[in-house]
Structures are given as C-alpha cells and as structure tokens.
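Right, one structure below, let's go through it.
Keep in mind that this is a model prediction, so the values were computed, not measured. Counting starts at 1 for both ligands and their atoms, in listed order.
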Amino acid sequence: MKPRDLDRNELLDQLADVAQRAAAAAVRLIHDERPADLGITSKSSSTDLVTEMDRASERTIRATIAAVRPDDVVIGEEDGEVIPEGGGSGVRWWVDPIDGTTNYVYDHPGYNVSIAAEVDGEMAVGVVADPTHARTYSAVKGRGAFCDDRPLRLGPAAPLPACLVATGFGYDPDRRGRQGRVAAELLPLVRDIRRMGAAALDLCSVAAGRVDAYYEVGLSMWDLAAGALIASEAGARTGTIDGGPLHPRAVLVAHPERFDELSRLLVELGAPEV
Ligand code: LIP
C-alpha cells in the first residue's frame, strides 16, 4: 500500500528527523571513529583537500536519507546530484559531508556536517553538526533556529566599528590574494575579523551571536544551504553582498539593521568582484 502523502507539517517533521539522524550518523563516523589514515587527496588546487572520510560521510548521509525517502534528489559535494528513477519527490537535499575539510585534516575546531532539505524550491530544514564543540544547530522554516535545545535569536545590532565579522577565502591563489586585500581594508573599520574555515559554522555563529556578520565569495550551495536557513530563522538577513537574494556566489549575512551599511562598504571595497 502506497504510504499516504504527508501534510506539510508532517513532512517538515520527517525531514527534520531524517536530517538530524543523518548528521548524527556522519558525526559518529568522522569524529568518534576518526581513523589515523584519512586518505587525503586534493581537488581544484593543492589546498583544496578531500579525504576518504568526506566520501564515507556522504555515503552514510545518502543511505540514511534513502532509507526513509528513496524518491528524494540528493546533491552532495563529493558525489554530485543523484536523481532517483521517476525524477524525484519535490524534496531536494543539499549535503556537505564535511564542511571545513582543512580543519578536519588538521583536527582543528570548526569542521561540521551540513545537511539541508529544500521543498518545492524553498529551503525548509537545516542541520549543522559541530562535533568539536558538541553542538548541533538546526532550523525548520517558520519554526525558529536552535543550538541543541536552546532557541537562537539575534540581539541588538552592534555599530559597524564594533562588529566582529567572519569571512573565508577560496582555494585559487590569485583569488585568495584579492580576498585577503579586501579583508585587510575592512579590518580597521570593524572590531575584528574571524576566519573559521567553515561556511556553515560561520553562518551558525551569526545565528548564535558569536559573530555579528559573515561574508564570503565563491561558495557552493551545499556550504550555505543549512546555515543560511538557521541564520535567517534566528533573525538575520541573508543575501548577496550587493543586496540581492541569497546566492552562493557572494554571500552576506548580518543583523537586518547592519546589512545595508556592511553591503555598501563591502561593495566599495570590491568584495563581490574578487
Ligand atoms: C570551505 C568553506 C569555507 C571556505 C573554504 C572551503 P569545504 O568548504 O566552508 O567557508 O572559506 O575555502 O570552501 O571545501 O571545506 O567544504
């Protein structure tokens, strides 16, 4: 007998449960069972690392999703887009099996598992599991953002010179140089800069008030899908650096009262064109 279709709330509940279980299974694999030999290779450049654990984590996440929702499309950083027979269910998963792979290789805090579910073109569920700090961030569209069981809500906006701003750099050496020059010009105009090496955690740090804003150029959707929903559900404004709708090419996430001022400054510094 075909399972009855779920209503929207039941669907969101199911997607949130699957995302949480898939993230927990991946964390057990990459963190609790971390092997001595990570099987490290590189991708787009010598600094763009990937490990066998990235691939194993994505396989674990895909298996967890397929066990409950075999008709969903899954797009992962390592194995790309897999469309099931029949073309999919209207639900699309965005998976970064290890966001912050360089941190993972060095066993440096900040690596995480990022999983998001998109329903009919709208990001609806996001989970970011940060095993180093034993924290799991989550959000369901319209139901708020959480760090474990603690609700996340932005506080008052800090003035720009008192803003702690997170950012990141790509893997292409020339682009990194241009991004570094933008960051150097921004630095005296804000409280300080943080480079945590994992976009999903940068985004959750905005949601949790650990930084006041985050911008980065040249991400992929799997880097930001879950974290941007979590930040938005915590009250942050998400978009592109030049103020457009959210897109991985040039992300800015900040307090709604600070977004436009930071957008103008970053555009003036040439951030979107690096
Ligand atoms: C990382 C991003 C980070 C960026 C790094 C890298 P990965 O993703 O999360 O924000 O600055 O260059 O792209 O490659 O570790 O999954």
Side-chain angles (χ1 to χ4, degrees), residues 23 26-27 29-31 34 38-58 61 75-80 93-116 126-133 137 165-183 186 193-207 210-211 213-231 238 240-241 246-254 266 271-272 274:
V27 161
L29 177 75
I30 69 171
H31 181 264
R34 179 191 178 100
L38 297 177
I40 303 166
T41 54
S42 60
K43 295 192 290 190
S44 64
S45 73
S46 60
T47 58
D48 184 4
L49 303 178
V50 60
T51 74
E52 278 306 316
M53 299 310 285
D54 290 83
R55 299 183 181 99
S57 173
E58 186 163 320
I61 294 166
I75 302 171
E77 178 170 11
E78 307 312 332
D79 294 338
W93 295 85
W94 295 92
V95 174
D96 193 338
I98 302 179
D99 177 45
T101 297
T102 301
N103 289 340
Y104 181 66
V105 167
Y106 282 78
D107 199 9
H108 187 284
Y111 64 88
N112 64 86
V113 174
S114 179
I115 301 171
V127 171
V128 175
D130 167 10
T132 311
H133 301 101
Y137 300 87
V165 180
T167 191
F169 309 115
Y171 290 116
D172 173 75
D174 292 336
R175 169 175 262 188
R176 291 166 69 80
R178 296 192 294 272
Q179 290 173 318
R181 283 188 286 278
V182 169
L186 178 68
I193 281 178
R194 291 290 181 272
R195 195 304 193 233
M196 291 181 278
L201 195 59
D202 289 321
L203 290 159
C204 292
S205 295
V206 175
R210 294 196 181 89
V211 295
Y214 163 67
Y215 76 94
E216 185 159 356
V217 174
L219 292 177
S220 299
M221 183 51 86
W222 48 71
D223 290 316
L224 71 92
L229 177 65
I230 292 164
T238 65
T240 54
I241 292 174
L246 184 68
H247 190 283
R249 67 175 168 79
V251 176
L252 175 60
V253 176
L266 288 168
V274 291

Could you check S205 against D202 for side-chain hydrogen bond (donor to acceptor under 3.5 Å, both in side chains), going step by step and ending with a plain yes or no?
CA-CA 5 Å; S205 295; D202 289 321; 5.5 Å; no

Any residue meeting side-chain hydrogen bond (donor to acceptor under 3.5 Å, both in side chains) with H133, in chain and number order, not counting sequence neighbours:
D130

Which atoms of ligand 1 sit under 4.0 Å from any heavy atom of A198?
9 (O), 10 (O)

So the atoms of ligand 1 within less than 4.0 Å of a heavy atom of E77 turn out to be 14 (O), 16 (O)

Begin with the C-alpha distance, continue with both residues' side-chain angles, and end with the deciding distance and a verdict on salt bridge (Lys or Arg N to Asp or Glu O under 4.0 Å) for R55 and E58.
CA-CA 5 Å; R55 299 183 181 99; E58 186 163 320; over 6 Å; no

Enumerated ligand 1 atoms positioned under 4.0 Å from heavy atoms of A199:
2 (C), 3 (C), 9 (O), 10 (O)

Enumerate the atoms of ligand 1 whose separation from the nearest heavy atom of G168 is less than 4.0 angstrom.
11 (O)

Consider every N or O of D96 and every N or O of ligand 1, then say whether any pair is closer than 3.5 Å.
yes

Do the side-chain N and O atoms of T101 and D54 include a donor-acceptor pair separated by under 3.5 angstrom?
yes

Atom 6 (C) of ligand 1: nearest protein contact (heavy atom, Å):
Y171 OH, 3.2 Å

Looking at ligand 1, does any of its N/O atoms fall within less than 3.5 Å of an N/O of D202?
no

Ion pair present between K43 and E77, side-chain N to carboxylate O less than 4.0 angstrom?
yes

Give a yes or no on whether the backbone of P97 and the side-chain of S57 come within a donor-acceptor separation of less than 3.5 Å.
yes

To check your reading of the model: name the closest protein heavy atom to atom 9 (O) of ligand 1, its residue, and the distance in Å.
D99 OD1, 2.5 Å

Closer than 4.0 angstrom: is that true for some heavy atom of I98 and an atom of ligand 1?
yes

Residue, atom name and distance, where the atom is the protein heavy atom closest to atom 12 (O) of ligand 1
F169 O, 2.7 Å

Can a non-hydrogen atom of M196 be found less than 4.0 Å from any atom of ligand 1?
no

In terms of residue, atom name and distance, what is the protein heavy atom nearest to atom 10 (O) of ligand 1?
E216 OE1, 2.8 Å

For ligand 1, is any non-hydrogen atom under 4.0 Å from D223's backbone (N, CA, C, O), its side chain (CB onward), both, or neither?
side chain

Identify, with sequence neighbours excluded, every residue that meets side chain to side chain contact (heavy atoms under 4.5 Å, CB included) alongside A200.
D99, N112, S114, V128

Mark up the atoms of ligand 1 that fall under 4.0 Å of a heavy atom belonging to G100, in ascending order.
7 (P), 15 (O), 16 (O)

May I ask you to decide if the ring planes of Y111 and H31 are parallel, tilted or perpendicular, using 30° and 60° as cut-offs?
tilted

Tell me, with the steps shown, if I115 and W222 meet side-chain contact (heavy atoms from CB on, under 4.5 Å).
CA-CA 8 Å; I115 301 171; W222 48 71; over 6 Å; no

